[in-house]
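These notes concern the structure reproduced below.
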Amino acid sequence: MDINNKVIVITGAARGLGLAMAEYLADKGAKIALVDMDFESVNHASSMITDSKGYVCNVANESEVEQVFEQIKNDFSRIDGLVNNAGILKDGLLIKYKDGEMNKMSLDQFQSVIDVNLSGVFLCGREAASHMVRSGQGGVIVNISSISRAGNFGQTNYSAAKAGVVAMTTAWAQELAKFDIRTGAIAPGFIETEMTAQMPQKAYDMAAQMSPLKRMGTPQEIAQAVSFIFENDFISGRVIEVDGGTRI
Ligand code: NAI
């Protein structure tokens with residue numbers, strides 16, 4: 001796909017990886033619909049990017065997602081691309097057992113991450129695909145997974161969601177190819193964003209050391225990989241690992 005003049009929706013675009021993707025794709029001439037829950041930040045982000053518009057939406061809420069995609073279609077006349085990037089962390093152990101006391105991960109802690117990181121990807125992917133199919137012009141859907149999709153200590157909820165995201169990427173590639181829609185996923189390693197800045201300093205330093213390159217990745221390195229999936233017309237249904245060689 002030639003990105004120039006294409007309309008690309010990015011979720012979680014108010015900051016971090018989503019904002020870097022918006023800037024990178026806008027530099028290549030894309031018109032960007034920035035979708036985020038954070039009203040102030042998404043409006044600030046859109047004010048900095050030419051040919052963009054900010055939208056407030058919780059990707060885990062079905063009617064909000066349906067409405068926002070309808071609105072984007074009305075505002076830009078078309079939807080050519082989607083990056084399913086919005087995501088949250090609520091790390092914790094499945095069970096903690098110490099001195100005879102058992103603490104269990106609550107269903108709410110599990111489900112809230114599944115709601116945003118898996119159901120949110122499903123809802124936005126479904127709406128984007130519907131608009132792309134109706135327009136008859138095809139499109140590209142990129143889902144942001146994680147190195148944690150293989151399963152990671154303290155991340156039952158996050159790992160399960162991120163593995164599911166890759167499975168949906170493959171399923172959609174098979175189902176949507178006949179409508180000229182391609183899919184792809186990125187599995188980032190540890191990247192410098194507000195999300196990883198929340199990690200305790202010791203864990204942050206260890207994360208950087210886990211890569212043979214001995215550093216965190218930059219949001220721009222993920223944005224470049226997203227752009228590569230958009231531009232390469234023979235990529236579909238696959239996940240690209242952008243993790244500096246890290247194995248968890
Ligand atoms: P971040 O926390 O800096 O930004 C996430 C953005 O998503 C925020 O603007 C937030 O308001 C928005 N958001 C959260 N829940 C939302 C919802 N329900 N509806 C709409 N917007 C919502 O995160 P970061 O680091 O930029 O991560 C982006 C994606 O990349 C996430 O899916 C994350 O899981 C994934 N990722 C990040 C890695 C990292 O090292 N930073 C590593 C691997 C994956």
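Read the numbers this way: they start at 1 and go in the same order the structure lists the ligands and their atoms.
Looking at residues two or more places apart in sequence or on another chain, you find a side chain to side chain donor-acceptor pair (under 3.5 Å) between S63 and N61. Every residue two or more places apart in sequence or in another chain was checked for a side chain to side chain donor-acceptor pair (under 3.5 Å) with K31, and none qualifies.
Checking side-chain atoms of E64 against main-chain N and O of N58 turns up a donor-acceptor pair under 3.5 Å.
At a threshold of 4.0 Å, the pair K28-E231 counts as salt-bridged, since one of the basic side-chain nitrogens sits closer than that to a carboxylate oxygen. R78 and D80 are joined by a salt bridge, as a carboxylate oxygen and a charged side-chain nitrogen come within less than 4.0 angstrom of each other.
Other residues sharing the hydrophobic cluster of M206, ordered by chain and number and joined by side-chain separations under 4.5 Å: none, the residue standing alone.
Contacts of ligand 1 (protein heavy-atom distance under 4.0 Å) are G12, A14, R15, G16, L17, D36, M37, C57, N58, V59, N85, A86, G87, I88, V116, I144, S145, S146, Y158, K162, P188, G189, F190, I191, T193, E194, M195, T196.
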